[in-house]
Amino acid sequence: MPLVIHNTLTRAKEEFVPVDPDHVRMYVCGPTVYDRAHIGNARPVIVFDVLYRLLQRLYPRVTYVRNITDVDDKINARAKENGEPIAALTERTTGMFHDDIAHLNALPPDVEPRATAHIPQMIAMIEKLIAADCAYAADGHVLFSVPSMPDYGRLSRRSQDEMIAGARVEVAPYKKNPADFVLWKPSSDDLPGWDSPWGRGRPGWHIECSAMSRQYLGVTFDIHGGGQDLIFPHHENEIAQSTCAHGGAPFARYWVHNGYLMVEGEKMSKSLGNFITVHDLIAQAPGEAIRLCMLSTHYHQPLDWTAEGLRQARTTMDRLYTALRNAADVEAVARDVPLDVMAALEDDLNTPLAVAHLHELATALNKADTVLERARAKGALLASGAVLGLLQQDPETWFKWQPAGAAGLDEDRIAELIAQRAAARKARDFAAADRIRKELADQGVVLEDSAAGTTWKRA
RNA sequence: GGCCGGGUGGCAGAGUGGCUAUGCAGAGGACUGCAAAUCCUCCUACGUCGGUUCAAUUCCGGCCCCGGCCUCCA
């Protein structure tokens, strides 16, 4: 079954046909590093990580590029606010981003280029655009001339007239056309700047992705991804810049956008007080539960992030890891990802359906009774989990997770109490055994007896 | 105003022109010293009004509701 993916360019599901079947290339817009990542940032990280894992199974080589935007006016503003050098802020924030998403089991991209390390490439591209009459310098700025590109608006499906009519912001006097956007702007001495043919300045927002995707993926590449809110203006402008700078050669062939994220039914915003950072979340719940929660809704749908949803995701992971824990006595047979799981993912990354299959595989594992059947079922569940970035840790580790800063009962002490209880049970002193069970339960430790012995987990 | 996405059972959430996922929650049963886990069974929907059709939750149209974007916000 071929991979089918929803392409924003056509608003339809299309069969994925790579430019080069021996080497698939994907670019995803990464974070602007001025603050902690929030759960809205985490969604594309996780969604495109699953796509990356899937592509790796389908093609011999995949290059995944996700940039770090480390030059931006929000960064400048925040650094000033903090009284912190800009480089210190971006470096610190980049580190926090990496730390946070590591908890979400996202594989690192193959290349993670930083905008500030690619200024010469951006300047070169802007020069090409000027030479092609697609851009002009004015008043220390360089602007992209939207009327120079007849196809402008194709991705976001808006006409140039509409954009002019709908413009809410006062048009800067140096713009020839109200829709023109900035490629380069002048920097005052207190702002980061680089020497350029137009004086000391800094790049506009969109040009970095055009320059960096060109450098690492070539003129035409396969997939460009990001959040739906980037469709306009960011991705529309990238298309304009790259296409015009490359003499009309196609840019990304498939545009993939994840849906918006809301919190408890409302838009997430600082003013509503419902702004949730990944950092806070991973202190409250295992990263893998957060990841499953994200994958439980199709990437294209709006996702309503709720405390209840996260609780359910945790319960689901408990169920799956319980099946694996109960099969700890058999060695999994290495297996391919089952066909129905692959079929779900190949159908526009239908992760909720894939998760449903995970449940069916767990049930099959629970019901299997011969060693061979159990070994095969365990292998199928683990292989399916791997392509989703789930179920790869030791079940015991999963069950022992506790919130950051929580001082749960020491593991040695738990083992000691379990041993005492075992002795009591052996002596048929069930009152004593139950007392120990209660004592542990009061401290958030739940015991489970089985023929193989007693296991425990933190509630 | 323009454009886009969505409304599925108590909840989350796939999907399909007729055979009606999956999980959680709930009910019953098996198992169990207790408990948990597990297994079995049950409950069950498709915003609204029309249309097309032998048959629509699924296709088409109107309406209602929710969310987003419309120049630097994932």
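Note on naming: letters A, B, ... go to the chains in the order of the sequence lines (proteins, then strands), and numbering restarts at 1 for each one.
- With a 4.5 Å cut-off on side-chain heavy atoms, A:Leu143 and A:Lys176 do not count as touching.
- For A:Asn258, taking side-chain heavy atoms from C-beta onward, the closest of the listed nucleotides B:rA21, B:rA74, B:rA37 is B:rA74.
- Separation of the P atoms belonging to B:rG9 and B:rC46 is 8 Å when rounded to the nearest angstrom.
- When the side-chain nitrogen and oxygen atoms of A:Asn366 are compared with OP1 and OP2 of B:rC39, one or more of them lie within a distance under 4.0 Å.
- Looking at A:Glu264 and A:Trp305, their side chains never come closer than 4.5 Å, going by heavy atoms from C-beta outward.
- With B:rA14, B:rC24, B:rA74 as the choices, the nucleotide that has an atom nearest any side-chain atom of A:Arg319 turns out to be B:rC24.
- Taking the six-membered ring for Trp and the full ring otherwise, A:His235 and A:His257 have centroids separated by under 6.0 Å.
- As rounded to the nearest Å, B:rG6 and B:rG10 have P atoms that lie 23 Å from one another.
- Within the 4.5 Å cutoff, side-chain heavy atoms of A:His98 are placed close to those of A:Glu112.
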Please table the atom pairs, donor to acceptor, closer than 3.5 Å between any side-chain atom in residues 452-459 of chain A and protein atoms at least two apart or in another chain.
from	atom 1	to	atom 2	distance (Å)
A:Thr454	OG1	A:Asp449	OD1	2.8
A:Thr455	OG1	A:Arg325	NH1	3.4
A:Lys457	NZ	A:Glu448	OE2	3.1
A:Arg458	NE	A:Lys400	O	3.2
A:Arg458	NH1	A:Leu409	O	3.3
A:Arg458	NH2	A:Leu409	O	3.1

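- Phosphate contact (OP1/OP2 of B:rG15, side-chain N/O of A:Asn350, threshold under 4.0 Å): present.
- Comment: A:Asp49 engages A:Arg53 in a salt bridge, judged by a side-chain N to carboxylate O separation of less than 4.0 angstrom.
- At a threshold of 4.5 Å between non-hydrogen side-chain atoms, the residues A:Val142 and A:Val182 do not count as touching.
- In this model, the phosphate group of B:rU38 is not approached by any side-chain N or O of A:Lys367 to a distance below 4.0 Å at OP1 or OP2.
- A:Trp205 and A:His234 have parallel rings, their planes meeting at less than 30° on a 0 to 90° scale where 60° marks the start of perpendicular.
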_nucleotides 26-34 of chain B: protein proximity per nucleotide (B base, S sugar-phosphate only, - neither; heavy atom, under 4.0 Å)_ = -------BB

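- Partner of A:Tyr64 under the ring pair (Phe, Tyr, Trp, His ring centres under 6.0 Å) criterion, out of A:Phe221, A:Tyr216, A:Tyr52: A:Tyr52 alone.
- A donor atom on one side chain and an acceptor atom on the other are found under 3.5 Å apart for A:Asp70 and A:Thr116.
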Which protein N or O atoms sit under 3.5 Å from an N or O of nucleotides 58-60 of chain B?
none

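- Using a cut-off of 4.0 Å between Lys/Arg side-chain N and Asp/Glu carboxylate O, A:Arg311 and A:Glu308 are scored as salt-bridged.
- With the 3.5 Å cutoff on both pairing distances, Watson-Crick and G-U pairs in RNA chain B assemble into runs of at least 3 at B:1-7 with B:64-70, B:10-12 with B:22-24, B:26-30 with B:38-42, B:47-51 with B:59-63.
- With hydrogens and angles ignored, the 3.5 Å screen pairs no side-chain donor or acceptor of A:His141 with any backbone N or O of A:Ala137.
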For nucleotides 4-12 of chain B, tabulate all protein N/O to nucleotide N/O atom pairs closer than 3.5 Å, reporting atom names and distance.
from	atom 1	to	atom 2	distance (Å)
B:rC11	O2	A:Gln312	NE2	3.4

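- Using a 4.0 Å cut-off between charged side-chain N and carboxylate O, A:Asp73 and A:Arg202 make a salt bridge.
- Side-chain N/O atoms of A:Thr315 and A:Asp318 include no donor and acceptor closer than 3.5 Å.
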Short N/O separations, protein against nucleotides 42-46 of chain B, under 3.5 angstrom:
none

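- With no hydrogens or angles considered, a side-chain donor-acceptor pair links A:Asn67 and A:Glu208 at under 3.5 Å.
- The two residues A:Ala344 and A:His357 have their closest heavy-atom pair at CB-CD2, 4.2 Å.
- Comparing the P positions of B:rU58 and B:rC49 gives a spacing of 12 Å, expressed to the nearest Å.
- Phosphate contact (OP1/OP2 of B:rA35, side-chain N/O of A:Lys457, threshold under 4.0 Å): absent.
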